[in-house]
Amino acid sequence: MNSNEIDIHKELKKYFGFNQFKGLQEQVIKSILAKKNTFVIMPTGGGKSLCYQLPALLQEGTAIVVSPLIALMKNQVDAIRSLSSENGIAHVLNSSLTKTEINQVKKDITSGLTKLLYVAPESLTKDEYVAFLQKQTISFVAIDEAHCISEWGHDFRPEYRNLRQIIKQLGDVPIIGLTATATPKVQEDILKNLDMSDATTFKASFNRPNLFYEVRTKTKNIESDIIRFIKQHKGKSGIIYCLSRKKVEAIAEVLQVNGISAIPYHAGLDAKTRAKHQDMFLMEDVDVVVATIAFGMGIDKPDVRFVIHHDIPKSLESYYQETGRAGRDGGEGYCMAYYSYKDVEKLEKFMSGKPVAEQEIGFALLQEVVAYAETSMSRRKFLLHYFGEEFDSETGQGADMDDNVRNPKSKIEAQAQVVKLLEVVRDTKELYKSKEVIYTLIGRVNAMIKAYKTDTQPFFGSGADFEERYWMALIRQILVDGLLTKDIETYGIVKVSEKGLAFIQKPSSFMMSEDHEYNETEDEAIVTAAKSTGTADEALMSMLRDLRKKVAKNLGVPPFVVFQDPSLEDMALKYPISLDELMNTHGVGEGKAKKYGVEFVSLIARYVEDNDIIRPDDLVVKSTGANSTNKLYIIQNIDRKLSLDDIASAKGMNMDTLIKEMEQIVFSGTKLNINYWIDELLDEEQQEEIHEYFMESESDSIEDALKEFDGEYDLDELRFMRIKFISEVAN
């Protein structure tokens, strides 16, 4: 062992109190001490900052650390100062300092006291700072979050682009680039932009074996799904990421109403509230933080047990970074993302206003996210392949930690199709991205295919017996398998690899698993699920129908006046046994519950007891009444006899939507007096005729009523009359 080695272990113990280095730290530090340009790729939580902090403390002069986040710099400076008796050992230089503070920083650097100077990239562009630093001894420049240099990174910052020019002005100082995310494309970008192609690269494995990955279909019931999940992980810390501030607020509210300690966090809150909420989460005063991606930068909570993505993120890097906040202590971490193609379309819409070059990058990154969500192969293998790392899904660490591996989809032999696909890529001269390759196979023409006259080739349309989705899934799988590669220079263009050429010559079996299909169910997800799968308890359903008939008969009203069918179906699914719970079933408001509910809940309670039923009490999600402001507005203004046209336009609705809202209000048991409106439309006799029809009818169906009156009344007139009828007779 040479003295250098003994030294750095001793110094590690002296400054940081650790007995040994983690992962690649030791090799990186030796490279920096040898004054070599160094590039460090380490996933979050891998101990990146120590890689430059220790050599800075051991060398003569000041190390400059460029970092994009003021909050993070402050944390790090405080941490370094706590290691030393001298406050001046580490400083921040950014726009938040006063003149006096700046002078103190300069004095400490000049006297050789300061070992680490943290700067924002903008500060480095100031001539006065550059002129000052040129005269000082600089040990090296470390560029943290180096992916900010690349447009392909998930956090591109234009001011990072001219760092190289500035560093050159400081003389011949070694550069250390550090990042927690680097696809091969971003890596190449960083090295090129910092002009350090000679850098020694250290890349730690991106595999986090303790994280479990799952993607679920995003249905309209997502809130109850999330609540159920959190209640199963009671008392554990978690983060829920949403794309918009509005969604953050709404979800945090729903969780709170349902007895989960949760707080919102987004850039729209003032700094004080943000800091308070972050502290509450760190100090475990709350279990869950609902946040936009503004949260988590510099949050170092080791025991986050789950990270939920309510909305799919814009890139796999973001996804990896955000999920990486789970299980930092090596304990379990559950990463669950909800996926619906609608969200992807929303993100594409957001991008449409941006410059074309940026759009293209954005679309390419999004397609990778779609591929990850829809793939049915090992998610870990897929993710690691994206970061340029091989993973053996049989023997690798954490191999069974994802939904696809635990519940594998059936596989089919695709040897012949793989050969066909590889030949098409080869024979179209490797000019195309996946989309054009697939179009060529299924025989669809677009401008590019026309330009290259691919549609005149004999193989055009040769794969038309399979659909687009099949080919898409196959391309994904053979990319990960290394038969195709994506070109780094012209991102997205696929080429046949050596391995792929060998496969064409000598094909072997290729078992392909089919992609997931994600179908979002409609609004009444619970109700329709009950209908289609028969999960609503049929025996209970018929008892509820009988009770409804009996109650209706006693009151002399049609059964639908008491509760509508969807309400009964929901009761037979959720088994509410108190009036509170009954109010959480479809279409049952407070008025209805109080008026008719007692007999229904006691029937259900008896039934539950007699049949030993385990109630899904977690299905009962209390709503925050996000729509209640609209409802309140409608009720108040109908009381004031305001014209319905005016009410609708004030809330930006059309008449149809307003009528739907009014129907919901009366169906759930609240009275609405719209006589002033109906009297303008129909005379007394007409009103009576329709009223009698509803009294004698078996159902409140408007279609049936239209048929019965055969054109005598129009749709809206009948709907208004039904609202009046339910309001007067039922409520």
Side-chain angles (χ1 to χ4, degrees), residues 185 316 339 341 344-345 348 360 363-378 381-382 385-386 404 409-519:
K185 174 77 182 151
L316 279 183
Y339 172 74
Y341 202 76
V344 176
E345 288 170 337
E348 290 180 337
E360 273 190 15
F363 284 133
L365 292 175
L366 246 187
Q367 278 326 109
E368 302 281 4
V369 178
V370 171
Y372 170 79
E374 293 185 359
T375 188
S376 52
M377 60 177 287
S378 154
K381 189 178 169 100
F382 189 101
H385 173 264
Y386 181 73
N404 285 342
K409 293 199 82 165
S410 54
K411 295 191 167 188
I412 41 179
E413 178 59 71
Q415 180 184 332
Q417 285 71 40
V418 174
V419 173
K420 184 173 282 183
L421 202 153
L422 292 171
E423 287 176 344
V424 163
V425 175
R426 180 193 67 192
D427 297 343
T428 49
K429 308 286 183 283
E430 301 184 330
L431 291 164
Y432 287 151
K433 295 187 178 181
S434 311
K435 183 168 111 185
E436 277 74 29
V437 173
I438 292 171
Y439 279 14
T440 302
L441 282 157
I442 60 175
R444 191 184 295 174
V445 179
N446 70 6
M448 198 167 177
I449 286 174
K450 261 209 145 16
Y452 287 118
K453 300 198 167 53
T454 304
D455 49 341
T456 62
Q457 298 292 344
F459 51 76
F460 185 74
S462 62
D465 34 355
F466 290 92
E467 52 184 313
E468 196 173 331
R469 284 197 51 225
Y470 171 90
W471 290 114
M472 198 67 216
L474 190 58
I475 283 192
R476 284 171 193 161
Q477 285 171 51
I478 66 177
L479 264 168
V480 175
D481 243 51
L483 301 176
L484 283 179
T485 57
K486 267 193 188 164
D487 192 32
I488 280 191
E489 270 305 302
T490 46
Y491 192 77
I493 289 180
V494 288
K495 302 192 167 178
V496 185
S497 65
E498 293 292 326
K499 191 174 164 188
L501 292 170
F503 191 94
I504 297 176
Q505 294 313 313
K506 197 174 165 217
S508 52
S509 163
F510 190 96
M511 298 308 284
M512 165 199 180
S513 41
E514 298 169 24
D515 268 3
H516 291 283
E517 275 201 60
Y518 289 92
N519 298 320

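Here, residue 1 is the first one in the sequence, and each next residue gets the next number.
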Determine the minimum heavy-atom distance between [X] and [Y], stating which atoms define it.
{"X": "Val344", "Y": "Leu366", "value": "O-CD1, 4.0 Å"}
{"X": "Ser434", "Y": "Met472", "value": "CB-CE, 4.3 Å"}
{"X": "Ser509", "Y": "Glu413", "value": "OG-OE1, 2.8 Å"}
{"X": "Phe503", "Y": "Ser508", "value": "CZ-O, 3.2 Å"}
{"X": "Thr454", "Y": "Phe460", "value": "O-CB, 3.6 Å"}
{"X": "Ile493", "Y": "Glu430", "value": "CG2-O, 3.5 Å"}

Under 3.5 Å donor-acceptor, [X] side chain and [Y] backbone:
{"X": "Lys499", "Y": "Asp481", "answer": "yes"}
{"X": "Lys409", "Y": "Asp515", "answer": "yes"}
{"X": "Thr485", "Y": "Ser497", "answer": "no"}
{"X": "Lys420", "Y": "Gly463", "answer": "no"}
{"X": "Asn404", "Y": "Met377", "answer": "yes"}

Please evaluate residues Ile442 and Glu467 with respect to the criterion side-chain contact (heavy atoms from CB on, under 4.5 Å), reporting the C-alpha separation (whole Å), side-chain torsions for both, the decisive distance (0.1 Å), and the verdict. CA-CA 7 Å; Ile442 60 175; Glu467 52 184 313; over 6 Å; no
Between Tyr339 and Glu374, do the side chains contain an N or O donor and an N or O acceptor separated by less than 3.5 Å? yes
Side-chain touch Thr440/Gln457, heavy atoms, less than 4.5 angstrom: no
Given side-chain contact (heavy atoms from CB on, under 4.5 Å), test Val419 with Phe510 step by step and report yes or no. CA-CA 10 Å; Val419 173; Phe510 190 96; over 6 Å; no
Any chance you could measure [X], atom [atom1], to [Y], atom [atom2], to the nearest 0.5 Å?
{"X": "His385", "Y": "Leu479", "atom1": "NE2", "atom2": "CG", "result": "6.0 Å"}
{"X": "Leu421", "Y": "Leu474", "atom1": "CG", "atom2": "CG", "result": "5.5 Å"}
{"X": "Leu316", "Y": "Leu365", "atom1": "CG", "atom2": "CG", "result": "8.5 Å"}
{"X": "Tyr386", "Y": "Lys486", "atom1": "OH", "atom2": "NZ", "result": "8.5 Å"}

Applying side-chain contact (heavy atoms from CB on, under 4.5 Å), run through Arg444 and Glu468 and close with a yes or a no. CA-CA 10 Å; Arg444 191 184 295 174; Glu468 196 173 331; 3.1 Å; yes
